[in-house]
Amino acid sequence: MRKVILSMVMSLDGYVAGENGDSSWHVMDQEMDEYMENLLDSADTLLYGRRAYEMMIQYWPSAEFDPNNSEESRAFARKINQKKKAVFTRTLNKVEWNAIVVKGNIAFEVRKWKQQPGQDLVLLAGADIAQTFIQEDLIDEFRLILNPVVIGNGVRLFHNRMRKLELIETHTFQCGNVLLVYK
């Protein structure tokens with residue numbers, strides 16, 4: 001059975017985005033890039049909420065061909081551009097970038113996909129859709145990348161519902177981020 005993996009960067013105080021969606025505090029380095037590339041290799045479908053999809057489509061399709069990007073960046077862009085994508089939205093009727101629109105019963109659709117053959121499904125961005133997945137108990141693995149920064153306010157991933165998770169892996173990156181993998 002395929003897994004749904006949530007991968008998100010989180011501040012020490014539990015935020016996945018600052019005020020107005022600010023993510024300037026995210027820290028990336030070559031090791032983090034390698035982690036993301038390996039995560040992409042484990043998946044055949046990327047899952048996005050509408051806002052995250054709109055943000056990603058502004059950059060990635062053209063990044064593959066941008067001569068200002070390194071060959072590694074262009075190769076990563078090529079990889080992400082080739083993946084199937086699902087966009088969970090109430091407002092969009094049409095999407096591009098190898099994507100489909102998903103409206104209606106999210107839990108039904110995702111549970112159906114999990115039963116189909118293939119690689120894992122990775123939810124990469126979008127706190128609202130991630131919260132919906134958490135409420136519907138659709139996430140099999142949480143990959144939280146803890147960034148050693150306190151931002152004070154913004155968008156939280158977890159809300160007032162207690163949830164017990166089992167830690168199955170940790171990794172400290174050279175940039176100071178810590179990967180915490182829970183099931």
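Only a predicted model underlies this, so the values are computations on that prediction, with no experimental measurement involved.
- Minimum heavy-atom separation, K103 to N93: NZ-OD1, 2.6 Å.
- In this structure the side chain of M36 reaches within 4.5 angstrom of the side chain of L124, judged on heavy atoms.
- Taking all atoms of both residues into account, the shortest heavy-atom contact from V155 to A127 is CG1-CB, 3.4 Å.
- Ring planes of F88 and F133: perpendicular class, angle over 60° (limits at 30 and 60°).
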L6 vs M8, side chain to side chain contact (heavy atoms under 4.5 Å, CB included): CA-CA, chis, key distance, verdict: CA-CA 6 Å; L6 170 65; M8 293 192 101; 3.5 Å; yes

Stepwise side chain to side chain contact (heavy atoms under 4.5 Å, CB included) check, V101 with T89: CA-CA 7 Å; V101 170; T89 178; 3.7 Å; yes

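- Two residues are said to be in side-chain contact when any heavy atoms from C-beta on lie closer than 4.5 Å; R111 and L138 meet this criterion.
- Scanning both residues, W25 and G18, for their nearest heavy atoms gives NE1-N, 3.7 Å.
- Of all non-hydrogen atoms in D66 and R74, the two that sit nearest each other are O-CD, 3.5 Å.
- Salt bridge status for E109 with K114: absent, with no side-chain N to carboxylate O gap under 4.0 Å.
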Working for salt bridge (Lys or Arg N to Asp or Glu O under 4.0 Å), residues R2 and D140: CA-CA 9 Å; R2 300 162 83 187; D140 301 294; over 6 Å; no

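- At a threshold of 4.5 Å between non-hydrogen side-chain atoms, the residues S7 and L123 do not count as touching.
- Side chains of N81 and W97: a donor-acceptor N/O pair is present below 3.5 angstrom, by distance only.
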T132 and I106: CA distance, side-chain angles, deciding distance, side chain to side chain contact (heavy atoms under 4.5 Å, CB included) verdict: CA-CA 9 Å; T132 300; I106 291 171; 4.0 Å; yes

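- Donor-acceptor pairing under 3.5 Å is recorded for the side chains of N153 and E19.
- Crowding of E31 atom CD: a count of heavy atoms from other residues, nucleotides or ligands under 6.0 Å exceeding 12.
- Closest approach of D13 and G152 over heavy atoms only: OD2-N, 2.8 Å.
- Using modelled atom types, no side-chain atom of D120 and backbone atom of A43 make a donor-acceptor pair closer than 3.5 Å.
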Stepwise salt bridge (Lys or Arg N to Asp or Glu O under 4.0 Å) test for R78 and E71: CA-CA 10 Å; R78 192 168 24 262; E71 179 51 40; 3.1 Å; yes

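- Around CG of N20, the count of heavy atoms belonging to other residues, nucleotides or ligands within 6.0 Å does not exceed 12.
- A pairwise comparison of heavy atoms in L146 and S11 identifies CD1-O, 3.5 Å as the closest pair.
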Stepwise side chain to side chain contact (heavy atoms under 4.5 Å, CB included) test for E96 and I57: CA-CA 8 Å; E96 301 170 1; I57 198 169; 4.1 Å; yes

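- More than 12 heavy-atom neighbours from other residues, nucleotides or ligands sit within 6.0 angstrom of CD on Q116.
- Between L179 and T170 there is no side-chain heavy-atom pair separated by less than 4.5 Å.
- A donor-acceptor contact shorter than 3.5 Å links the side chain of N177 to the backbone of V27.
- Between the CD atom of E64 and the OG atom of S73 there is a distance of 12.0 Å, given to the nearest 0.5 Å.
- Between F173 and Y35, the ring planes are perpendicular. Angles over 60° get that label, and only those under 30° would be called parallel.
- Between L92 and Y53 there is a side-chain heavy-atom pair separated by less than 4.5 Å.
- Between the NZ atom in K84 and the OG1 atom in T45 there is a gap of 4.0 Å [rounded to 0.5 Å].
- Remark: the backbone N or O of L40 is paired with a side-chain donor or acceptor of K83 at under 3.5 angstrom.
- Between the side chain of R50 and the backbone N or O of V87 there is no donor-acceptor pair closer than 3.5 Å.
- Annotation: the span from L180 atom CG to H171 atom NE2 amounts to 11.5 Å, rounded to 0.5 Å.
- With sequence neighbours excluded, the residues satisfying side chain to side chain donor-acceptor pair (under 3.5 Å) with Y15 are R156.
- When atom types are taken as modelled, the side chain of Q119 and the backbone of D41 share a donor-acceptor pair closer than 3.5 angstrom.
- Within the 4.5 Å cutoff, the side chain of K183 has no heavy atoms near those of the L165 side chain.
- The line from CD of E37 to CD of E72 is 9.0 Å long, rounded to the nearest 0.5 Å.
- The line from CZ of F158 to CZ of F142 is 5.0 Å long, rounded to the nearest 0.5 Å.
- For the atom pair OH (Y182) and CD1 (I139), the distance works out to 14.0 Å, reported to the nearest 0.5 Å.
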